[in-house]
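Here is the structure we will look at.
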Amino acid sequence: YVGSYDKKVYALDDKTGTKKWEFLTGHEVRSSPAIGADGTVYFGSMDNKVYALGGTTGAKQWEFETGHYVDSSPAIGADGTVYIGSWDHKVYALEGKTGAKLWDFLTGGDVRSSPALGADGIVYVGSDDKKVYALNPDGTKKWEFATEGYVRHSAAIGADGTVYVGSDDNKVYALNLDGTKKWEFIMGDGVSSHPAIGGDGTVYIGSMNNKVYALDGKTGAKLWDFETGGAVL
């Protein structure tokens, strides 16, 4: 399943690449689809809506309208709840089967970051208000952490619960479970990708200065960097 700037989401056969179905929205689809346990396809569109489609047929099951663009990608909880951000400054929790709003949380800026879920159900998400938020499963704020730049990329959660996230202040942060800073690493330019965590805890992340970095997950020490020919997205 893939979205496109042609306003559509496509389902493609994984063996042949042939199209199974397509679904037209009202604007560009920059959100990456997420698949529920029952095969439902969830995604956001720049037409201000979140959609749920049947995975087999592409038939619309429901849509939910936010107050602005949605280019955040959804995260799906163990109970099927769909979490997603919008440029209306909010994070939404939607009932997966009906699209009914369970709660929303208002930040101080556009939410272009895709939510990340901890093993305990805590929702981690960044905002253009330059903060990272940890939200309880009921939508109340557990903590917030202020950076000096937009936080538009998703966080990654380590095996021990450490939250790794990049900011447009050119830094990568490791945050403890209580929202205190474990370490920070200064990159040569803005963070341009989501962090990924290796099996040994190494954190990998790309930058606008054309580099991929490998950082020690416990200390933030640079293990190595690799220079590419352009920004690493």
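Residue numbers count from 1 along this sequence.
- Taking Phe185 as the reference, Tyr213 meet the ring pair (Phe, Tyr, Trp, His ring centres under 6.0 Å) condition, with sequence neighbours excluded.
- Every pair passing salt bridge (charged side-chain N to carboxylate O under 4.0 Å, His left out) that includes a residue from residues 110-127 is listed here, sequence neighbours excluded: Asp71-Arg112.
- Counting all heavy atoms, side chain and backbone alike, Ser31 lies closest to Ser72 at OG-O, 2.9 Å.
- Legend: residues meeting ring pair (Phe, Tyr, Trp, His ring centres under 6.0 Å) with His194, ordered by chain and number and at least two apart, are His153.
- With hydrophobic clusters built from ILVMFWY side chains whose heavy atoms lie under 4.5 angstrom apart, Tyr92 does not share a cluster with Tyr83.
- The heavy-atom pair separating Ala174 from Thr162 by the smallest distance is CB-CG2, 3.9 Å.
- For the salt bridge (charged side-chain N to carboxylate O under 4.0 Å, His left out) condition, the pairs that include at least one residue of residues 30-50, sequence neighbours left out, are Glu28-Arg30, Asp38-Lys97, Lys49-Glu63.
- For the salt bridge (Lys or Arg N to Asp or Glu O under 4.0 Å) test, residues two or more places apart in sequence or in another chain that qualify with Lys8 are Glu22.
- Checked against ring pair (Phe, Tyr, Trp, His ring centres under 6.0 Å), Phe105 has the following partners two or more places apart in sequence or in another chain: Tyr133.
- In this structure, Asp200 contributes its side chain and Thr202 its backbone to a donor-acceptor pair below 3.5 Å.
- Under the ring pair (Phe, Tyr, Trp, His ring centres under 6.0 Å) criterion, Trp21 pairs with Tyr1, sequence neighbours left out.
- Using a 4.5 Å heavy-atom threshold, the side chains of Lys90 and Val111 count as separate.
- Residue Ile157 is found in a hydrophobic cluster whose other members, listed by chain and number, are Ile122, Tyr124, Val132, Trp143, Phe145, Val151, Val163, Val165, Tyr173, Leu175, Leu177; membership requires side-chain heavy atoms under 4.5 Å apart, directly or through intermediates.
- Scanning both residues, Leu102 and Glu95, for their nearest heavy atoms gives CG-N, 3.9 Å.
- Thr147 is linked by a side chain to side chain donor-acceptor pair (under 3.5 Å) to Ser167, counting only residues two or more places apart in sequence or in another chain.
- In this structure Lys171 satisfies the side chain to side chain donor-acceptor pair (under 3.5 Å) test together with Glu184, sequence neighbours excluded.
- At least one side-chain heavy atom of Thr25 sits less than 4.5 Å from a side-chain heavy atom of Phe43.
- Within the 3.5 Å criterion, the main-chain N or O of Ala100 finds no donor-acceptor partner in the side chain of Trp62.
- Once rounded to the nearest 0.5 Å, the distance linking CG of Asn48 with NE2 of His68 reads 7.0 Å.
- In the hydrophobic clustering, where aliphatic and aromatic side chains (Ile, Leu, Val, Met, Phe, Trp, Tyr) are joined below 4.5 Å either directly or transitively, Tyr69 groups with Met46, Trp87.
- Listed by chain and number, the residues in a side chain to side chain donor-acceptor pair (under 3.5 Å) with Tyr10 are Asp6 (sequence neighbours excluded).
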